[in-house]
Participant: 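Below: one structure in structure tokens.
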Amino acid sequence: MASKMLRGRFKGGISPVLLGFSSSLDTDKEMFFEDVWGSEAHVLMLAKQGIIPAGDAGKILKALGDVKKEYSAGKFELDEAFEDVHINIENYVISKCGIEYGGRMHTARSRNDQVLTDTKLHLRKELLEVMGCVLELEESLLCLADQNADAIMPGYTHMQHAQPITFGFWASSYASMLLRDFDRLSGAYAHDNTCPLGAGALSGTSFPIDREYTAKLLGFDGVHVHALDAVSSRDHVLEALSALSILMCDLSKLAEEFVLWSSCEFGFIEFSDSFATGSSIMPQKKNPDMAELVRGKTGRVYGALMQVLTLMKGLPGGYNRDMQEDRELLWDALYVVKGSLQVLNAGLSDAKINRARMSESVYADFSTATELANYLVKEKGIAFRKAYEITGGVVKELSSRKKDLRDTSEVIAFLKKSGVTASSDALSEILDPGKAASRNKSLGGTAPAEVRRMVKELRNDAEAKEAGLKKRIEKVESAKKLTQQAVKEMI
Ligand code: ARG
């Protein structure tokens, strides 16, 4: 049955059709504890400022403590009759303490600043977890990079063999990418972690509130000062979804390479049986569903970003009920991203890297052709474009005879036609893919020594990021303790 709360100016109750349609309980559930924390901070502030008597605050805080316990024990259920989590909890407090006391909790507050506070607190918690998962996957990639810094494989452009690289080079490229994802999430965190509480419905309040104090109790880095801007804002949601979308783009690329490389044509990598799936009809199948699902679920996160962008684009300033739609999408995106990071990390840590297959595939190709051209430039003083043409001619001749660059005597013969003499020893050195990769020692290149150096540097960067993440987590934890200590003293 619909409640009478918020019905003062109406003749009758709300239509059950509208009540069901407008309920946000499904997504509010996720931020139940954040809503209580926000109310605790608000009530502590009201009492500190003398806006409500300390005794009344104590009663409200006791009821808030009870609702947390009952909810955790499964004894308190959110009731559809009360629209959302805010009204459910306020109703609980009023029914516990009576309207004379409980009815003071919502002084100098609106659901507009309240819902935003809850969302920001919950998103903050989720972002911290996602950032932790990014660093874990990054570390797994760096371990693989370290172990396989000299494992030769083909490097691709246009999905065609291009130049030899090492598996460590490939793995560390994703680690390097993920650190930027971390930075983007960290930027979204900074905008998320400002406190909107105290903005009221849209214009602040005539009560002498202390916004800095509530922000401190809730562990925010500062106050989102402008009241109208605060209640109108969901750009932190957009920023988080953008960062999550770009992260999923990167994970989806990684997943795509896993799908290709675990195929029988490539065979570069094999997932353990526990990270593979079978077929209902073909007994031999070993499928990389894990990677395919990461690739597939990416669309859900992009979709969430597009939906919230569309949701926000035509809204006038101030709170609009449309905004309630942001959470379902945001929570789902966070769920997908966390799951994707965890499954890729677990699958990767268990995977077998097939060095022999990778190296076999790079030897039977023309991927050291650039090195041959470079040799002509370095040792024979030929201009690069000319050297490129000579080498192209060599490749043309070889491939028409179904040969490759391993056939040094053929290479010598074709070079001779262009007036270049080269010894077999020199060519074997130049055309060997492993040696070629080792020569790419330029900053950021694929040479094993450079890969190992980059791994160290990336690890240092990740360690600094991890320390920053730990500080943020500690700040949130100590704010929780601070609030609970103040609640205890007030009760
Ligand atoms: N359930 C609402 C939401 O999720 C809470 C805020 C309602 N505010 C209002 N003015 N009706 O956005």
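Atoms within a ligand are numbered from 1 in the order they appear, just like the ligands themselves.
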Participant: Report yes or no: is the cationic atom of R124 (NZ for Lys, CZ for Arg) under 6.0 Å from the centre of the six-membered ring of F220, at an angle within 45° of the ring normal?
Facilitator: yes
Participant: How about K216: does its NZ atom have over 12 heavy atoms from other parts shown lying under 6.0 Å from it?
Facilitator: no
Participant: Just wondering, more than 12 heavy atoms not from K352 lying within 6.0 Å of its NZ?
Facilitator: no
Participant: When you measure from atom 4 (O) of ligand 1 to every protein heavy atom, which one gives the shortest distance, and what is it?
Facilitator: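 Of the protein heavy atoms, R327 NH2, 2.7 Å lies nearest.
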Participant: Pairs under 3.5 angstrom only: tabulate donor-acceptor contacts from the side chains of residues 57-67 to other protein residues two or more places apart or in another chain.
Facilitator:
from : atom 1 : to  : atom 2 : distance (Å)
K62  : NZ     : D66 : OD1    : 3.1
K62  : NZ     : D66 : OD2    : 3.1

Participant: Using side-chain heavy atoms (C-beta onward) and a distance below 4.5 Å, is L127 in contact with L123?
Facilitator: yes
Participant: Check each atom of ligand 1 against the heavy atoms of N112 and keep those under 4.0 Å away; list them by number with element.
Facilitator: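 Per the distance check, 8 (N), 9 (C), 10 (N).
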Participant: Which residue supplies the protein heavy atom nearest to atom 12 (O) of ligand 1, what is that atom called, and how far is it?
Facilitator: Y319 OH, 2.5 Å
Participant: Please could you name the atoms of ligand 1 that S24 approaches to less than 4.0 Å, counting only its heavy atoms?
Facilitator: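 What qualifies from ligand 1 is 1 (N), 4 (O).
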Participant: For atom 11 (N) of ligand 1, which candidate among R111, M323, E83, H86 holds the nearest heavy atom?
Facilitator: R111
Participant: Counting only heavy atoms, tell me which of M31, Q324, E325 gets closest to atom 1 (N) of ligand 1.
Facilitator: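 It is Q324 whose heavy atom sits nearest to atom 1 (N) of ligand 1.
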Participant: Parallel, tilted or perpendicular, judged at 30° and 60°: which one describes the rings of Y92 and F76?
Facilitator: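 The arrangement is perpendicular - the two ring planes meet at more than 60°.
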Participant: Identify the closest protein heavy atom to atom 5 (C) of ligand 1: which residue and atom is it, and at what distance?
Facilitator: D84 OD2, 3.5 Å
